[in-house]
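All remarks here apply to the structure that follows.
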Amino acid sequence: MAAKQVVVLPFSLILALGFIPLLVFSAQEIPFERLKSLRVIKKVNQNGPFLGLITVYAPEEEAFFKTGVFKSDPRHPFVDLSGRRFRIGKVEGRKIIYVKCGVGLVNAAAATQQMLDLFDIKGIIHFGISGNANSSMHIGDVTIPWQLAQTGLWDWLKPNATMEPNDFAQFDFKSYNDPKGGENQLGKVGYSTEQFYSIAGEVNVPQRPVWFNITKNWLHVASHLQGIKLDQCANSTLCLPEKPKLVVGLKGATSNFFIDNAAYTQFLFNTFGVTSLDMESSAIVMTCLSNGYPVIAIRGLSDLAGTQKGDNTIRLFGSLAALNTAKVVIGFIKSLPRNYISGFYSSSHVYDCAS
C-alpha cells in the first residue's frame with residue numbers, strides 16, 4: 001500500500017484558505033486528501049448558507065434517497081472528510097449538506113461538530129428510527145420530541161451506596177429480582193447529568209441540565225405537519241394494523257444502548273416519560289445548542305424496545321419507519337419559511353435546556 005501523501009503548509013497559505021480549524025503552527029503536517037477536501041468546502045461555502053441533515057446508518061440513508069427529493073450539486077456533489085461523505089445538494093429548493101454520522105453518541109457529536117465548524121450551516125435536522133417505550137404510540141409512527149435526555153451517563157454503585165449529588169434518577173437492580181427480595185450484587189445505577197458547555201453559559205463553567213429542548217420555532221413549524229400521510233405497509237404482504245401518525249411534542253431518551261428489554265423500557269417510560277429510545281439524538285441536539293444553532297430531531301418508531309412478543313421487529317418494519325421519517329423530514333423542509341436563516345430563526349431563539 002502506498003504511503004499517504006503529506007504536505008507542509010506555510011502559515012500564510014493556511015490563513016489564505018480561510019479555515020479557522022487550520023490555524024495551527026506552520027510546521028503542522030496536513031494530509032493531502034484533507035487539504036483537497038478543505039479547498040472544496042471553501043468553494044461550497046460560497047454558495048451557502050445550508051441546512052444540515054444528519055442521519056445515522058444505511059437503512060435510514062437508503063430510505064431518504066429513495067424518495068428522490070435530494071438533488072446533488074452538479075459541480076460539487078460531495079466532499080469526503082475524516083471517513084465520512086458530506087453530500088451537497090438541494091431538497092425542495094433548499095440548499096442542503098447531508099451526512100450519515102454512524103451509530104452512537106460519539107459518532108453523532110463528532111459529525112455534528114464537524115459540520116458546524118466547516119460548513120456554512122444555519123441549522124440541523126436530525127432524523128432516524130428508534131425504539132418505542134410509549135404504549136399509546138405504535139410501530140410506523142413518527143415522533144418529534146420537544147425534549148431529549150441522555151440516559152446513559154451512569155454512576156454504577158454498590159447496593160447500599162449513597163446516590164451522587166448530580167444523579168437525577170435511580171435504577172435499582174434488586175427491584176427486578178425474581179423471586180422478589182434480598183440484595184442484588186449488581187447494586188444500582190444513578191443517572192447523572194451532562195456537563196454542558198455552551199455559548200449561552202459562563203465560559204469554562206458547565207451547566208448540569210437533564211433535558212435539552214428542541215428549538216421552539218422549529219417545533220412550532222413541525223406542529224403543523226401533524227396529519228401528514230404516512231405509509232402503512234412495508235411491502236405488498238406486510239402491513240401495520242393501524243395507519244401511522246406523526247406526533248409532535250413528546251420526549252425522547254438517548255444512550256449508547258440498543259434497548260430490547262421490556263423491564264428496562266418500562267422503567268424508562270415510568271421514570272422519564274419518554275417515547276423514543278435511540279442512540280444519537282441527544283448528542284446532536286446538545287452539540288447544536290452548545291454552539292448556538294437551531295436543531296430538531298425526527299424519529300420513526302421501528303420496534304417496541306423489548307415489550308413485544310417474540311423477536312424485535314426492527315428487521316421487519318425498520319425500512320417502513322425510515323421511509324415515514326424521511327417523509328416528515330421532507331415535509332418539514334418544505335414548511336420552513338424562506339426567512340429561516342434570518343432574524344426569526346436567529347441564534348437568540350436557539351439555546352434552551354431545562355434542568
Side-chain angles (χ1 to χ4, degrees), residues 56 103-110 112 126 128 130-135 137 143-178 180 182-198 201 205-214 249-290 295 297 299 301 303-307 351-355:
V56 180
V103 173
L105 293 163
V106 173
N107 275 325
T112 304
H126 168 54
S130 72
N132 173 31
N134 185 345
S135 61
M137 299 286 285
T143 174
I144 301 180
W146 79 283
Q147 285 189 320
L148 286 152
Q150 210 278 64
T151 56
L153 198 60
W154 286 7
D155 293 315
W156 201 322
L157 308 172
K158 295 178 180 180
N160 297 314
T162 302
M163 294 286 290
E164 296 294 321
N166 287 313
D167 290 347
F168 59 93
Q170 174 181 308
F171 179 86
D172 199 332
F173 285 95
K174 71 180 180 182
S175 299
Y176 297 87
N177 286 350
D178 189 14
K180 297 288 184 181
E183 291 293 341
N184 189 306
Q185 291 303 306
L186 290 174
K188 57 188 175 184
V189 166
Y191 289 79
S192 185
T193 51
E194 287 276 8
Q195 293 191 3
F196 179 62
Y197 296 85
S198 81
V205 178
Q207 295 174 279
R208 303 302 297 254
V210 175
W211 297 99
F212 294 88
N213 292 359
I214 298 301
L250 300 174
K251 293 183 177 182
T254 301
S255 68
N256 269 327
F257 313 131
F258 176 80
I259 298 170
D260 190 30
N261 181 281
Y264 189 60
T265 294
Q266 193 64 50
F267 166 83
L268 290 173
F269 179 76
N270 292 340
T271 305
F272 305 111
V274 294
T275 294
S276 55
L277 307 175
D278 69 69
M279 302 171 68
E280 298 81 23
S281 292
S282 73
I284 292 172
V285 170
M286 182 176 170
T287 303
C288 289
L289 296 181
S290 178
V295 63
R299 286 284 180 165
L301 306 180
D303 61 89
L304 300 179
T307 62
Y351 172 77
D352 197 2
C353 71
S355 60

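All values below were derived from every heavy atom in this structure, side-chain atoms included, with hydrogens, water molecules and symmetry-related copies excluded. Numbering starts at 1 and runs along the sequence shown.
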Fill in: Residues Trp211, Phe168; criterion ring pair (Phe, Tyr, Trp, His ring centres under 6.0 Å); working and verdict
CA-CA 11 Å; Trp211 297 99; Phe168 59 93; 7.8 Å; no
Worksheet item: Please walk me through it: do Val189 and Asp155 pass side-chain contact (heavy atoms from CB on, under 4.5 Å)?
Response: CA-CA 6 Å; Val189 166; Asp155 293 315; over 6 Å; no
Check whether [X] reaches the backbone of [Y] with its side chain - one donor and one acceptor, N or O, closer than 3.5 Å.
X      : Y      : value
Ser255 : Thr151 : no
Lys188 : Ala161 : yes
Ser290 : Met286 : no
Lys180 : Ser175 : yes
Arg299 : Ile144 : no
Trp156 : Leu186 : yes

Nearest 0.5 Å, please: how far is [atom2] in [Y] from [atom1] in [X]?
X      : Y      : atom1 : atom2 : answer
Leu268 : Lys251 : CG    : NZ    : 13.0 Å
Asn134 : Leu301 : CG    : CG    : 8.5 Å
Gln195 : Arg208 : CD    : CZ    : 4.5 Å
Leu148 : Phe272 : CG    : CZ    : 13.0 Å
Asn166 : Ser192 : CG    : OG    : 5.5 Å

What heavy-atom pair brings [X] and [Y] nearest, and what distance separates the two atoms?
X      : Y      : answer
Pro145 : Ile214 : O-CG1, 2.9 Å
Ile259 : Asp303 : O-OD1, 4.5 Å
Ala133 : Val274 : CB-O, 3.7 Å
Met163 : Gly190 : CE-CA, 3.7 Å
Asn177 : Gly182 : ND2-O, 3.2 Å
Asn184 : Pro159 : O-CG, 3.4 Å

Item to complete: With sequence neighbours excluded, give me every side chain to side chain donor-acceptor pair (under 3.5 Å) pair touching residues 256-273.
Response: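 As it turns out, the side chain to side chain donor-acceptor pair (under 3.5 Å) pairs with a partner in residues 256-273, which skip direct neighbours, are Tyr191-Tyr264, Asp260-Gln308, Asp260-Asn312, Gln266-Asn270.
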Fill in: Candidate pair Glu183 and Asn160, rule side-chain contact (heavy atoms from CB on, under 4.5 Å), full reasoning
CA-CA 9 Å; Glu183 291 293 341; Asn160 297 314; 3.6 Å; yes
Worksheet item: Ring centroid separation for Phe196 and Phe212, is it under 6.0 angstrom?
Response: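 Yes: the rings meet the under 6.0 Å criterion.
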Item to complete: Answer with yes or no after comparing the ring centroid distance for Phe269 and Phe267 against a 6.0 Å cut-off, counting only values under it.
Response: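 No, too far apart.
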Item to complete: In sequence, state the C-alpha distance, the side-chain angles, and the governing distance for Thr112 and His126, and then conclude on side-chain contact (heavy atoms from CB on, under 4.5 Å).
Response: CA-CA 10 Å; Thr112 304; His126 168 54; over 6 Å; no
Item to complete: Go through the structure and list residues passing side-chain contact (heavy atoms from CB on, under 4.5 Å) with Val103, not counting sequence neighbours.
Response: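 side-chain contact (heavy atoms from CB on, under 4.5 Å) check on Val103 returns Val56, Tyr57, Met279, Glu280.
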Item to complete: For the residue pair Asp278 and Ser130, confirm or rule out a side-chain donor-acceptor distance under 3.5 Å.
Response: no
